[in-house]
Amino acid sequence: MKKVKLGLLGLGTVGSGVLKVLRQNAAMIKRREGLDIDVGWVLVRDKAKKRSVEIDPSVLTTDAQAILNDPEVDLIAEFMGGEEPAFTYIRQALRNGKSVVTANKEVIAKHWHELEPEAEKSGAGLYFEASVAGGIPIIKTIKRSLQANHILKFMGIINGTTNYILTRMSEEGSDFQTVLKDAQRLGYAEPDPTADIEGLDAKFKLSILSTICFRNMVPLEHVFCEGITRVTAEDITYARQLGYGIKLLAIAKKNGNRIEARVHPTFIPLTHPLCAVRDSYNAIFLEGDAVGSLMFYGRGAGDLPTASAVVSDIITACQNEGGHHHRTGMDEGEVIFERNWISRYYVRMLVCDRPGVLGEIAGLFGKNGVSLESVIQTTRGDDASLIFITHEAQEQSMMKALEDMRGCDVISSIESVIRVER
Ligand code: NAP
Ligand code: HSE
């Protein structure tokens, strides 16, 4: 039996879930894994705060250095969230030779390139399964079970909060702010939920996942990102009429040395399996050159699902004798990050209802090389709503067409532009 002393940084949703799992499955972990795991310290901001788990008050501390410099602490598990001071604490722990398990996608997406060499230098391990897709074991699977493949593309729902919000908006007609509050109460949302609804959380995860899949660093500045704050009830209704649902999708493709990575609300057919992914669930479709298509599905947020991934990393870290770090090997060669990808588009606009308007607008699409698949018109007084679905077009052609339309006096406003995947 190996005795292990843990230092936990954070005791919110994830930290409490980790304590629950370590306690409820302690006997099993001892029996099957040969590990006797003791939580020696827990870092919090406020020791007096009421917790959702029982905790011996003498274990709680507000002094990070007491944990990071305690020679008896073998491993640090971080779930404080945010970039700082989490990054500084993780780096210090690695420099002190302590392996680190983290759920912090912001720190990994921004500082992986600095943390991995620190881990390698000291021989400590750096594990972050919980940083992407909550309870779905996607990182270990790609690193340890799909090494025989070139991964060519993947597409998925990797933010639980926005999927929960879009599900309730489309199924119950619920109001955005009310549903966001419910997502916060259920522990799905980030400490600052702007990161969820503006797509930033999914952007961090997409940067990490595409780096692991493509074995090329995909830095945040090369990940296109648009959140769900501009998706309206009207768009959800039109989408349904047209046979689509709206999801916040993360899409990444590698073609030769070109990589595209993007997060945005997307129309997907109601019959597509991703459309059936509801509430806080996540799902990822992935395509490898040997294995073909794979799909992963599970809870993407919440205390126990996330704790499942964290505790698995803790066990792996304890069992890697001497904490030897498994570096994520990167491919050599220069990569070009693609911005001019191909997509279909849904465009909704308010226009003056008079002869020739539809032809004028169709002409602006055509002039920029964007061909139309379908048009719906609904009239309200002197105005009309026009809803277009385009054929496949280049992103830059589409943006140029929209720019031309903004200067066109028959268009009162372009209300929505949402990409469409089949
Ligand atoms: P949370 O509920 O807000 O908990 C954060 C914890 O960290 C709290 O216990 C807080 O202490 C402590 N903390 C924060 N800043 C601190 C500081 N400067 N010094 C000391 N303690 C500090 O957050 P969470 O939802 O558990 O998320 C934590 C991390 O896990 C984030 O990186 C998040 O992205 C990631 N994650 C979350 C989920 C999820 O479903 N929630 C899933 C996967 C990954 P007090 O309690 O005293 O305020
Ligand atoms: N806020 C995140 C989400 C937590 O909603 O997916 C899981 O990473």
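Whatever order the structure lists them in is the order used to number ligands and atoms, beginning at 1.
The protein heavy-atom contact nearest to atom 5 (O) of ligand 2 is Thr161 OG1, 2.6 Å. Here the heavy atom of the protein found nearest to atom 7 (C) of ligand 2 is Gly300 O, 3.2 Å. Of all protein heavy atoms, the one lying nearest to atom 6 (O) of ligand 2 is Gly160 N, 2.7 Å.
Side-chain atoms of Glu129 come within 3.5 Å of backbone atoms of Ile138 as a donor-acceptor pair (strictly under, hydrogens ignored).
Listed by number with element, the atoms of ligand 2 under 4.0 angstrom from any heavy atom of Asn159 are 2 (C), 3 (C), 5 (O), 6 (O). Atoms of ligand 2 found under 4.0 Å from any heavy atom of Glu190 (numbered from 1 in listed order, with element): 1 (N), 2 (C), 4 (C).
Sorted by chain and number, the heavy-atom contacts of ligand 1 below 4.0 Å come from Gly10, Leu11, Gly12, Thr13, Val14, Leu43, Val44, Arg45, Asp46, Lys49, Arg51, Phe79, Met80, Gly81, Pro85, Ala103, Asn104, Lys105, Ala130, Gly187, Glu190, Pro191, Ala301, Gly302, Thr306.
Pairs of residues two or more places apart, or lying in two chains, that qualify as side chain to side chain donor-acceptor pair (under 3.5 Å) and include a residue from residues 264-275 are Arg262-His264, His264-Thr266. Each side chain to side chain donor-acceptor pair (under 3.5 Å) pair with one or both residues in residues 273-283, not counting sequence neighbours, appears once here: Glu171-Arg278, Ser280-Arg299.
Every N/O-N/O distance between Gly134 and ligand 2 stays at or above 3.5 Å.
Residues satisfying the side-chain contact (heavy atoms from CB on, under 4.5 Å) test with Thr229, not counting sequence neighbours, are Phe176, Ile197, Glu198.
The aromatic rings of Phe214 and Phe154 are tilted relative to each other, their planes meeting at an angle between 30° and 60°. The aromatic rings of Phe267 and Tyr244 are tilted relative to each other, their planes meeting at an angle between 30° and 60°.
Looking only at atom types and distance, the side chain of Tyr188 has no donor-acceptor partner in the side chain of Asp196 under 3.5 Å away. No donor-acceptor contact under 3.5 angstrom links the side chains of Thr232 and Glu234, judged on distance only.
Using a 4.0 Å cut-off between charged nitrogen and carboxylate oxygen, Arg419 and Glu226 count as a salt-bridge pair.
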